[in-house]
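This is a predicted model, so every value here is computed, not measured. Ligands are counted one by one from 1 in listed order, and the atoms in each one are counted from 1 as well. Numbers here simply count residues along the sequence, with the first being 1. Quick note: numbers below take in every heavy atom, side chains included, and nothing from hydrogens, waters or symmetry partners.
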Amino acid sequence: AKEQGRSSYHFFDHEMEQSMNDKMQLENGIRRALENKQFFLVYQPKVCPNTGATIGFEALVRWEHHEIGLIPPARFIPLAEASGMILDIDMWVFREACRQSKKWQERGFPLLPVAINLSAKHFDQRNLVENIVDILRDTRIDPHLVVIEITESVFIRQMESVIEMLSELQALGIEISIDDFGTGYSSLSQLQRLPVSIVKLDRTFIKDAEHDERKSAVVRAVIELAHSMGLRVVAEGIETEEERTFFAGLHCDELQGYYFSKPLRSEQFERYIRSEMRS
Ligand code: C2E
Ligand code: CA
Ligand code: CA
Ligand code: CA
């Protein structure tokens with residue numbers, strides 16, 4: 001038994017070593033990717049439910065690996081969160097999204113808020129607000145045109161410090177949005193404790209809601225309650241005409257999804273906005 005204990009200990013040790021190696025490889029990979037400019041951003045419009053006009057957009061990260069090709073965020077974001085590299089990625093994304101937005105504004109584009117995703121991991125460390133203040137100053141972007149999207153997983157963290165950090169960001173003029181709402185830990189009543197002004201309904205709420213009476217009752221109640229709390233509601237993952245009509249009818253404030261546009265590279269997004277400006 002003792003012998004077995006020792007060998008399984010060794011096995012465990014080896015596995016640990018292996019995963020340490022994987023982790024270090026990924027860390028190195030991400031660090032190199034940041035240095036070699038393998039990350040880039042795509043931009044997805046958020047539209048007015050009635051007119052379809054663009055009223056904002058979300059920046060989403062992409063990784064173009066030299067050998068592997070395009071790696072979707074679903075593949076590397078969870079690993080980057082586990083290794084802590086997400087902190088560097090998100091700060092790169094934040095800076096790049098603000099830089100690009102400011103450039104578009106200076107070229108006479110309409111003043112559209114840019115939404116940027118932040119991992120809940122940032123709320124475990126102290127210098128998030130400081131880093132963001134630096135980026136706002138360097139890029140000279142108006143903080144009132146910046147939205148931060150965070151998921152409900154911030155609710156399993158040290159709430160006092162989360163509230164403090166979000167309040168500081170809000171005081172700068174930044175709006176806070178709760179992403180993937182309804183998939184996780186929080187309830188609308190919990191949101192009242194946070195300086196949040198927007199909730200984004202996850203696609204799981206959107207899909208088939210027109211045909212599913214239970215789902216549509218829940219969705220209707222959530223939207224009404226959110227509105228009664230003074231929150232704006234974004235429905236994301238709108239893919240069809242029916243979904244658009246349904247969620248516009250439920251008085252969502254903004255819609256986002258493939259029905260209007262997929263996330264676009266900067267040149268394509270520019271063309272999308274220009275064609276809107278002409279019409
Ligand atoms: P998310 O923040 O919930 O972003 C929405 C995702 O849904 C995006 O996937 C978007 O391309 C996709 N989407 C948009 N419209 C539709 C639609 O009509 N139907 C369907 N089925 N999907 C739609 P993407 O770009 O692959 O990103 C996946 C997730 O990766 C994001 O989910 C977010 O959690 C994370 N992510 C992306 N960029 C960043 C980033 O810069 N920082 C962090 N921390 N996370 C990021
Ligand atoms: Ca998001
Ligand atoms: Ca989402
Ligand atoms: Ca998500």
At the Ca ion (ligand 2), OD1 of Asn117 and OD2 of Asp179 open up to roughly (10° bins) 90°
For Glu239 and ligand 1, does the shortest N/O to N/O distance drop below 3.5 Å? yes
N or O contact, Gln44 vs ligand 1, cut-off under 3.5 Å: yes
Begin from the C-alpha positions of Phe57 and Ile273 and carry the test side chain to side chain contact (heavy atoms under 4.5 Å, CB included) through to its verdict.
CA-CA 11 Å; Phe57 59 95; Ile273 297 295; over 6 Å; no
Under 4.0 Å from one or more heavy atoms of Ile238, ligand 1 contributes atoms 18 (O)
> Non-hydrogen atoms of Glu58 versus ligand 1: any pair closer than 4.0 Å?
Replying inline: yes
Sequence neighbours excluded, the answer for side chain to side chain contact (heavy atoms under 4.5 Å, CB included) partners of Gln125 is Leu87, His122, Asn127, Leu128
Exercise for review: Report yes or no: does Glu81 have a heavy atom closer than 4.0 Å to ligand 1?
Suggested key: no
Worksheet item: Does even one non-hydrogen atom of Pro263 get within less than 4.0 Å of ligand 1?
Response: yes
Closest heavy-atom approach to atom 31 (C) of ligand 1 among Leu60, Asp180, Ile206 is made by Leu60
Per-atom filter on ligand 1: closer than 4.0 angstrom to a heavy atom of Val93 are 41 (O)
Legend entry - Side-chain ion pair, Glu35 and Arg32, N-O less than 4.0 Å: no
Checklist entry - Are the charged groups of Arg203 and Glu243 less than 4.0 angstrom apart, N to O? => result yes
| field | Check ion pair Asp208-Lys215 (N to O, under 4.0 angstrom) | value | no
* To do: State if Lys262 counts as touching ligand 1 under the rule of any non-hydrogen atom under 4.0 Å.
  => no
Exercise for the section: May I ask you to check whether Gln38 and His66 show a side-chain donor-acceptor distance below 3.5 Å? Expected result: yes
Logged contact type for Glu236 with ligand 1, heavy-atom cut-off 4.0 Å, is side chain
Checking heavy atoms under 4.0 Å, the part of Asp179 that sits near ligand 1 is side chain
Checklist entry - For Val61 and ligand 1, does the shortest N/O to N/O distance drop below 3.5 Å? => result yes
Run the ring-centre check on Phe39 versus Phe76 and record whether the distance is less than 6.0 Å. yes
Q) Does Asp180 put an N, O or S atom under 3.0 Å from the Ca ion (ligand 3)? A) yes
Which of Glu236, Lys262, Gln256 passes side-chain hydrogen bond (donor to acceptor under 3.5 Å, both in side chains) with Gln44? Answer is Gln256
* To do: Answer yes or no: is there an ion pair linking Lys121 with Glu81, defined by an N-O contact shorter than 4.0 Å?
  => no
Checking distances from the Ca ion (ligand 3), one finds that the N, O or S atom of Glu236 closest to it is OE2
Item to complete: Would you kindly say whether Ser83 and Glu27 are connected by a side-chain donor-acceptor distance under 3.5 Å?
Response: no
Contacts of Trp92 meeting ring pair (Phe, Tyr, Trp, His ring centres under 6.0 Å) (sequence neighbours excluded), chain-then-number -> none
Of Ser119, Pro72, Pro73, the residue with the heavy atom nearest atom 36 (N) of ligand 1 is Pro73
### Message
Below 3.5 Å, N or O to N or O, backbone or side chain included: is there any such pair between Arg62 and ligand 1?
### Response
yes
Atoms of ligand 1 under 4.0 Å from any heavy atom of Asp90, numbered from 1 in the order shown, are 40 (C), 41 (O), 42 (N), 43 (C), 44 (N)
Do the ring planes of Trp104 and Tyr43 sit parallel (below 30°), tilted (30 to 60°) or perpendicular (above 60°)?
perpendicular
With rounding to 10 degrees, Glu58 OE2, the Ca ion (ligand 2) and Glu149 OE1 define an angle of 90°
